[in-house]
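Scope of the values below: all heavy atoms of this structure, side chains included, with no hydrogens, waters or symmetry mates.
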Amino acid sequence: MANFSKSNVPQFSVEVYQNAYLPEGGREVNAIVTVTSTGGGTTGGIPLAGSGPAHGAGPGAAVVLMVDCSGSMDYPPTKMRNARDATAAAIDTLREGTLFAVVAGTHVAREVYPGDGRLAVADAHTKALAKDALRRLSAGGGTAIGTWLRLADRLLGPADAGIRHGVLLTDGRNEHESPEDLRAALESCAGRFTCDARGVGTDWEVKEVTGIASALLGTADIVADPSGLADDFTRMMENVMGKEVADVALRLWTPVGVEIRFVKQVAPSVADLTGRRTEAGPRAGDYPTGSWGDESRDYHVCVRVPEAGIGQEMLAARVSLILPDPSGAGTPQTLSQGLVRAVWTDDMAASTSINPQVAHYTGQAELAQVIQQGLEARKSGDFDGATAKLGRAVQLASTSGNQDTARLLSKVVDVVDAATGTVRLKAKVAEADEMTLETRSTKTVRVKK
């Protein structure tokens with residue numbers, strides 16, 4: 001484990017958990033990489049730094065709140081009121097000096113506050129003006145989320161801030177633009193700002209909302225009862241205000257002959273980063289991790305090494321945490337490093353032992369997958385397939401101690417025996433319960449180290 005720190009940057013550490021021993025002919029190496037950031041913006045309420053290598057010279061954060069104002073937000077009428085109240089609560093949570101704007105989203109995107117393509121600086125006066133502007137929001141029109149994201153990008157792009165973040169609320173499906181338009185907007189915004197996405201009620205599409213959050217390295221969740229929006233938005237904004245450093249990349253360097261099979265975040269949720277690699281020099285690639293405060297995350301790295309003889313040893317990969325120079329001109333800063341090794345042995349006990357961290361997160365990744373497959377099978381009428389997949393999910397949730405997911409599964413299936421995964425599909429399932437399970441299927445529990 002190595003640690004590197006610099007003024008105004010949280011201290012990052014990397015720990016590697018693996019069984020480095022391979023049998024003769026063995027080629028696959030798995031490791032869990034735990035990344036921990038301490039001394040960031042959430043420690044004791046320390047304010048975001050206004051300068052330093054993580055931020056440039058400007059304010060700490062810039063935030064755009066995107067509020068669905070389509071016609072469906074009027075059904076029931078309390079939904080629009082709850083959305084206004086939640087956005088007001090988020091504005092109240094903004095730290096003094098944070099740059100912010102509010103956007104109303106329908107089949108077009110419209111600036112609500114402050115307008116003229118600008119961001120406001122949060123203080124008592126601007127917060128009051130923004131909340132006053134919210135009171136005039138009304139529902140009407142369609143839904144084209146890509147236009148909301150592109151406006152947020154135009155507002156955030158020029159901001160002199162280290163953390164650029166969006167919050168997006170929708171209650172319906174993206175019916176007034178093509179999937180290709182939304183995908184193009186996400187590709188355009190990826191790497192420029194992070195975004196949390198929330199679906200309110202049950203008339204929205206889970207894959208759309210989770211896809212937005214995944215592409216923009218944010219969180220996704222359901223708020224089935226609109227009355228819960230204000231609390232959710234407050235927690236979400238508190239989390240954003242706790243971020244201290246943005247654009248951290250997980251850099252993987254591999255020797256000649258080593259192939260990367262996958263790189264996944266596995267805690268606090270499962271996210272496959274393999275396809276998001278950008279080249280970073282000979283045999284090195286960067287995988288985006290987004291913004292960090294005081295927190296810890298786990299990543300599963302799997303590589304394929306060349307065959308070697310008994311007694312030989314090699315470096316299979318070097319994992320580094322990289323912070324780019326904000327100007328784009330200087331040398332990136334290495335925040336921390338860890339090594340993944342491979343050692344060939346004829347000791348059968350050593351080479352066949354599965355590292356507990358690797359085993360745990362392999363199960364958590366499978367849990368997320370079988371929940372999604374089981375719900376798809378249920379929707380398509382394949383009840384035998386749904387029973388098998390959701391039964392396996394119950395078994396995995398039980399053995400790994402993922403009680404939150406087990407509780408959500410129990411609202412979709414009757415559990416006969418959790419240990420064996422024996423379940424029966426419930427005849428009637430509330431739509432909110434099914435959507436909650438699907439939305440939160442990728443959330444994991446940490447392994448007990």
Side-chain angles (χ1 to χ4, degrees), residues 1-2 12-36 250-255 258-277 285 287 289 295-308 312-321 336-372 392-393 395-403 405-406 421 441-449:
M1 180 179 76
F12 282 80
S13 66
V14 166
E15 296 175 278
V16 176
Y17 299 89
Q18 67 164 136
N19 176 12
Y21 293 101
L22 298 175
E24 186 172 12
R27 299 189 60 189
E28 185 171 286
V29 179
N30 288 275
I32 298 300
V33 179
T34 295
V35 178
T36 304
L250 193 73
R251 178 168 292 178
L252 206 59
W253 178 89
T254 49
V258 174
E259 306 166 27
I260 296 171
R261 291 203 55 224
F262 61 78
V263 178
K264 297 177 182 177
Q265 178 184 287
V266 289
S269 60
V270 177
D272 194 342
L273 303 177
T274 313
R276 306 188 68 166
R277 175 187 172 103
Y287 301 84
T289 69
E295 58 189 297
S296 182
R297 306 179 199 169
D298 291 339
Y299 298 87
H300 186 170
V301 173
C302 179
V303 297
R304 187 172 170 84
V305 296
E307 288 188 40
Q312 290 194 284
E313 179 175 346
M314 72 173 291
L315 174 65
R318 182 173 66 236
V319 183
S320 306
L321 267 292
S336 191
Q337 282 185 353
L339 304 178
V340 180
R341 300 163 51 243
V343 181
W344 283 266
T345 180
D346 56 5
D347 182 336
M348 188 67 70
S351 65
T352 57
S353 174
I354 300 175
N355 177 269
Q357 282 80 3
V358 172
H360 174 83
Y361 286 123
T362 300
Q364 293 289 285
E366 184 190 352
L367 173 59
Q369 182 180 49
V370 292
I371 286 173
Q372 291 161 17
R392 174 62 174 157
Q395 185 182 37
L396 288 166
S398 174
T399 55
S400 67
N402 195 330
Q403 295 176 349
T405 298
S441 61
T442 58
K443 295 187 186 299
T444 58
V445 289
R446 301 297 294 271
V447 66
K448 293 183 177 66
K449 298 190 174 81

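The shortest distance between side-chain heavy atoms of Tyr299 and Leu252 does not fall below 4.5 Å. Contact check for Asn402 versus Leu367: side-chain heavy atoms found under the 4.5 Å cut-off. Side chains of Leu22 and Ser351 form no contact here, defined as non-hydrogen atoms less than 4.5 Å apart. Looking at Pro255 and Met314, their side chains come closer than 4.5 Å, going by heavy atoms from C-beta outward. Residues Gln372 and Thr442 are in side-chain contact: their nearest non-hydrogen atoms beyond the backbone lie under 4.5 Å apart. In this structure, Gln265 and Tyr287 have side chains that are not in contact, with every pair of non-hydrogen atoms separated by 4.5 Å or more. The side-chain heavy atoms of Val16 and Val14, taken from C-beta on, include a pair separated by under 4.5 Å. Considering only heavy atoms from C-beta on, Asp298 stays 4.5 Å or farther from Gln357 through its side chain.
Within 6.0 Å of the CD atom in Glu24, the count of heavy atoms belonging to other residues, nucleotides or ligands does not exceed 12.
Applying the side chain to side chain contact (heavy atoms under 4.5 Å, CB included) rule to Glu28 yields the partners Asn30, Arg261, Cys302; only residues at least two apart in sequence or on another chain are considered. For Arg276, there are no salt bridge (Lys or Arg N to Asp or Glu O under 4.0 Å) partners, not counting sequence neighbours. Checked against side-chain hydrogen bond (donor to acceptor under 3.5 Å, both in side chains), Asp347 has no partners two or more places apart in sequence or in another chain. Contacts of Ser296 classified as side chain to side chain contact (heavy atoms under 4.5 Å, CB included), with partners at least two apart in sequence or in another chain: Thr34, Thr36, Arg446. Listed by chain and number, the residues in a side-chain hydrogen bond (donor to acceptor under 3.5 Å, both in side chains) with Gln18 amount to none (sequence neighbours excluded).
Residues Ile260 and Arg277 approach most closely at CD1-NH1, 3.1 Å, considering heavy atoms. Contact record, Pro268 with Arg297: CD-CG, 4.0 Å, taken as the closest heavy-atom pair. Residues Ile371 and Ser441 share a closest heavy-atom pair of CG2-CB, 3.6 Å. The two residues Ala267 and Tyr361 come nearest to each other via the heavy atoms CB-OH, 3.6 Å. Minimum interatomic distance between Ala350 and Tyr21 (heavy atoms only, all atoms of both residues): O-CB, 3.8 Å. The two residues Trp344 and Pro23 make their nearest non-hydrogen contact at CD1-O, 3.3 Å.
Paired with Val305 under the rule side chain to side chain contact (heavy atoms under 4.5 Å, CB included), one option of Leu315, Val29, Val340 passes, and it is Val29. If you run side chain to side chain contact (heavy atoms under 4.5 Å, CB included) between Val319 and each of Leu250, Val263, Val35, only Leu250 comes through.
Among residue pairs with one or both ends in residues 357-372, those qualifying as salt bridge (charged side-chain N to carboxylate O under 4.0 Å, His left out) are Glu366-Arg392; sequence neighbours excluded.
For the atom pair CG (Leu396) and NE2 (His360), the distance works out to 10.5 Å, reported to the nearest 0.5 Å. To the nearest 0.5 Å, atom OG of residue Ser336 and atom CD of residue Glu15 are 9.0 Å apart. Within the model, atoms NZ of Lys264 and NE2 of His300 stand 7.5 Å from one another, a figure rounded to the nearest 0.5 Å. A distance of 6.0 Å separates OG in Ser269 from NZ in Lys443, rounded to the nearest 0.5 Å.
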Output, in order, the C-alpha distance, side-chain angles, deciding distance and verdict of side-chain contact (heavy atoms from CB on, under 4.5 Å) for Val301 and Phe262. CA-CA 6 Å; Val301 173; Phe262 61 78; over 6 Å; no
Can you list the steps and then say if Asn19 with Ile354 is a side-chain contact (heavy atoms from CB on, under 4.5 Å)? CA-CA 7 Å; Asn19 176 12; Ile354 300 175; over 6 Å; no
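For the residue pair Asp272 / Thr274, a side-chain donor-acceptor distance below 3.5 Å is found, with atom types taken as modelled. Donor-acceptor pairing under 3.5 Å is recorded for the side chains of Ser400 and Gln364.
Arg318 contributes no side-chain N or O that, together with a main-chain N or O of Arg251, makes up a donor-acceptor pair within less than 3.5 Å. Using modelled atom types, no side-chain atom of Gln395 and backbone atom of Thr399 make a donor-acceptor pair closer than 3.5 Å. For Ser353 (side chain) and Ala349 (main-chain N/O), no donor-acceptor pair under 3.5 Å exists by modelled atom type.
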